[in-house]
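I have placed the structure first, in the form of structure tokens, so that the comments after it can refer back to it.
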Number of protein chains: 2
Amino acid sequence: MRPLFHPSIDDLTVEGILHALSDPVRAHIFAEIAGAERSQTCSAFLEVSDRTVPKSTLSQHFKVLRDAGLIRSERQGVEMHNTPRCDELERRFPGLLKAIIDAHKRQTERQRTRRRRRA
Amino acid sequence: MRPLFHPSIDDLTVEGILHALSDPVRAHIFAEIAGAERSQTCSAFLEVSDRTVPKSTLSQHFKVLRDAGLIRSERQGVEMHNTPRCDELERRFPGLLKAIIDAHKRQTERQRTRRRRRA
DNA sequence: GCCATTAGTCCCGGTTAATGGAACTACGGT
DNA sequence: ACCGTAGTTCCATTAACCGGGACTAATGGC
């Protein structure tokens with residue numbers, strides 16, 4: 001297994017981070033990983049908000065998140081354990097992640113209330 | 001002239017905003033517009049950080065920023081005047097824009113000091 | 001050790017999005 | 001009416017994304 005690439009915190013770009021989180025599936029995955037107590041495997045996200053994500057696509061998504069410096073992935077046995085790099089990111093770009101995750105939360109909450117109102 | 005489309009603040013998505021600002025040229029344009037005292041024309045950005053941007057591309061970039069709800073564009077005579085929608089955006093996604101612009105600033109400053117050190 | 005199973009990755013063809021040159025439109029000035 | 005300027009639209013080329021299928025790496029059972 002070729003060791004997974006993780007960029008140094010100094011090489012991270014805002015563009016990369018925004019691009020990674022501009023996809024709803026990736027944003028969801030990252031929010032979950034960032035909010036979870038323990039590391040999450042990739043296959044935990046084969047279903048995201050009632051939609052099936054093919055595993056090749058999922059693998060790409062994780063690569064994008066890794067390359068953007070948002071998560072760290074390490075193999076443990078047969079599965080991959082993903083953890084957020086929040087502390088480093090917070091030092092490099094203070095407040096950025098929190099603002100984005102908050103905005104996403106705000107949006108999904110609103111979507112829920114809107115849907116409820118329609119129903 | 002077909003009137004320009006501006007989405008309602010309620011229809012804005014975080015994904016759209018992040019995607020729009022994940023491009024370095026667009027991020028630069030938006031930062032300038034957001035930071036300027038007065039409205040900016042499109043052609044003010046035919047040169048961005050020492051690179052020439054073709055005007056068809058530039059036009060597309062402005063459309064992306066408009067569609068994401070980041071700017072408002074209105075024709076005044078022969079030129080287009082662009083203003084930020086910061087107040088509305090702040091109400092919808094508090095802190096988001098500031099965090100992103102701050103992160104961008106932080107990044108460009110670092111790039112400058114790095115380049116200076118190398119030289 | 002060998003086979004089966006599980007978790008992810010890689011490859012590659014099809015589809016979609018971004019880029020930029022050239023033609024076009026919209027407006028103002030003369 | 002014509003010209004120059006500011007932006008837009010069209011279209012062909014190129015790059016990025018998606019997902020099915022083959023492949024790889026690690027584990028457990030036998």
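Not measured: the values here are computed from a predicted model.
Which of C:dG21, C:dA7, D:dA6 sits closest to the side chain of B:P54 comes down to C:dG21. Set against D:dA6, D:dA26, D:dT8, the side chain of B:L4 has D:dT8 as its closest nucleotide. Listed nucleotides: C:dG8, D:dA25, C:dT19. Nearest to the side chain of A:V78: D:dA25. Here D:dG20 is the nucleotide among D:dT8, D:dC18, D:dG20 with the atom lying nearest to any side-chain atom of A:S56.
Counting to the nearest Å, the P atom of D:dT8 and the CD atom of B:Q60 are 9 Å from each other.
Between B:E90 and B:R85 there is no salt bridge, since no side-chain nitrogen of the basic residue lies less than 4.0 Å from a carboxylate oxygen of the acidic one.
Annotation: proximity of residues 13-46 of chain A to DNA chain C (heavy atom, distance under 4.0 Å) is found for A:T41, A:C42, A:S43, numbered in ascending order.
Under 4.0 angstrom from either OP1 or OP2 of C:dT9 there lies at least one side-chain N or O belonging to A:S59. Checking the phosphate oxygens (OP1, OP2) of D:dG19, a side-chain nitrogen or oxygen of A:T57 falls inside 4.0 Å.
Sorted by first and then second residue, the pairs that involve residues 10-32 of chain B and meet salt bridge (charged side-chain N to carboxylate O under 4.0 Å, His left out), not counting sequence neighbours, are A:R110-B:D10.
Under the 30°/60° scheme for interplanar angles, the aromatic rings of A:F45 and A:F62 are found to be tilted.
Remark: B:K63 pairs with B:D67 by the side-chain hydrogen bond (donor to acceptor under 3.5 Å, both in side chains) rule, at least two apart or across chains.
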